[in-house]
Amino acid sequence: MKILFFGTPYFAEVVLKGMLDNGFDVVGVVCQNDKPAGRGKKMVSPAIVEIAKANGLPVYQFEKLSQHIEDFKAIGYDLAVTASYGKFLPKSLLDINPCINVHPSMLPKYRGATPIQSAILNGDTMTGVTVMKTEIGMDDGDIFVQKEVEILPEDDYTSLQDKLANVGVELLVETLHKIENGTAVRTAQDHEKATFVRLIEKEDGLLDFSKPAQSLVNKVRAFVESPVAYFFLGEDRIKVYKAKVAVDIQADAQVGEVVPNKKRFLIKASDGVFEILRCQAPGGKVLDAKVFLNGYRFKSTVVTV
RNA sequence: CGCGAGGUAGAGCAGCUCGGAAGCUCGCCGGGCUCAUAACCCGGAGGUCACAGGUUCAAAUCCUGUCCUCGCAA
């Protein structure tokens, strides 16, 4: 069975590696185009390109998939597998051969682009992975298999994504074997229960200290890779990479005010104290709070709203 | 050539505008206080101020070039 893989970011890399490690015959990788990135806006390829090339796989980066149907037919594959590809697959492409998708949520919950972030953001304690048939509609295809994954309090996007990707590989391998044997069974989703998650904007990362401390911590956990939670102290935009609720601290400050403390970076939230464990000031490196406090000169001790 | 910030003891920073004896917070070593301590007090080690040129009696500080790091924007 020749497999054509569609995927772009890290989650897709793990899935691709998983298929290769399990001996599946991947005949090519389709991913998003190179984009100008970083200082000097140099063109940068998705990381998956490197992995594909290292394994001798051809890489296809088409601007519009629908304009390359003949190219896809020429590749000669039997099944398409998608994982965080980033764009819809046109019907003309889905009509060539069957397509299955790996989605990091317990569908029909969290259909859309940001299931992992959403689960953490909402303070969920459980999420999961679904392998289903790819259809025209967004994440609404019939389900082959799904498995729950626990979200630990200390999990953030990075760690949860890893867990989900590994489970995704496990489920995908299982499904691919069944498809090969002809024993694959799929069931329709309960569309009534579907929930959708939208793309995340940069401004979504702004921390609002009039909210409960735990919700702020959840935002930090969910956005640690991107766009990163932040707030302003005077003119300085402080990006927060790790935080917790300081349950041992007596709140002796106004909401949004820095709680005086020599060794800990604390800010009063609506219902408790938000403690920053790892952060970054403009122009500086990401630092542990204690190190950050050694050198940082506060221009304001109240969060700018 | 997208815009911008910065490279100063092991770490994080100040000093640079107005050139003229290298400082702060932590860490480390030693001593003290204490039932005890991540707390407090005293003392100590540790830096060719990124690199290379230039200006000057004198450069961390001014000028030029190189390397590296980071923020924004995409």
Original post:
Under a 4.5 Å cut-off applied to non-hydrogen side-chain atoms, are A:Tyr230 and A:Val228 in contact?
Top reply: no
Original post:
Watson-Crick or G-U wobble partner for B:G4, using a 3.5 Å limit on both distances?
Top reply: B:C70
Original post:
When rounded to the nearest Å, what value does the distance between P atoms of B:G46 and B:U66 take?
Top reply: 36 Å
**OP:** Give the B/S/- string for nucleotides 68-74 of chain B, one per nucleotide from 5' to 3', where a protein heavy atom under 4.0 Å of the base yields B, of only the sugar-phosphate yields S, and otherwise -.
**Re:** -SBBBBB
Subject >> Spacing of the P atoms in B:A52 and B:G71 (rounded, Å) >> reply: 28 Å
Subject >> Distance between C1' atoms of B:A21 and B:G27 (Å, rounded) >> reply: 27 Å
**OP:** Please state the C1' separation for the pair B:A5 and B:A36 - nearest whole angstrom.
**Re:** 46 Å
Original post:
Got A:Ile136 and A:Leu94 here, is their nearest side-chain heavy-atom distance under 4.5 Å?
Top reply: yes
Original post:
Which residues satisfy the ring pair (Phe, Tyr, Trp, His ring centres under 6.0 Å) test with A:Phe72, sequence neighbours excluded?
Top reply: A:Phe6, A:Phe62
Original post:
Would you say the side chain of A:Phe274 lies within less than 4.5 Å of the side chain of A:Leu266, judging by non-hydrogen atoms?
Top reply: no
Original post:
Do A:Tyr241 and A:Gln280 have side-chain N/O donor and acceptor atoms under 3.5 Å apart?
Top reply: yes
Original post:
Roughly how far apart, to the nearest Å, are B:G19 and B:U61 at atom P?
Top reply: 12 Å
Original post:
Using atom P of each nucleotide, how far apart are B:G30 and B:A73 to the nearest Å?
Top reply: 49 Å
**OP:** Please round to the nearest 0.5 Å and tell me the distance separating atom CD of A:Gln32 and atom NZ of A:Lys87.
**Re:** 5.0 Å
**OP:** Using the C1' atoms only, state how far B:C62 lies from B:U55, rounded to an integer number of Å.
**Re:** 8 Å
Subject >> Audit row: A:Asn122, A:Tyr110, side chain to side chain donor-acceptor pair (under 3.5 Å) steps and yes/no >> reply: CA-CA 11 Å; A:Asn122 293 338; A:Tyr110 298 148; 2.8 Å; yes
Original post:
Say you pick atom C1' in B:A45 and the same atom in B:C28; how far apart are they, in whole Å?
Top reply: 9 Å
**OP:** Answer yes or no: is there a side-chain heavy-atom contact under 4.5 Å between A:Ser270 and A:Phe209?
**Re:** no
**OP:** Mind running side chain to side chain donor-acceptor pair (under 3.5 Å) on A:Asn218 and A:Arg221 for me, showing each step along the way?
**Re:** CA-CA 5 Å; A:Asn218 290 343; A:Arg221 295 199 290 150; 3.0 Å; yes
Pairs under 3.5 Å (N/O, protein and nucleotides 38-40 of chain B):
from	atom 1	to	atom 2	distance (Å)
B:A38	O2'	A:Lys263	NZ	3.4
B:A39	OP1	A:Lys263	NZ	2.7

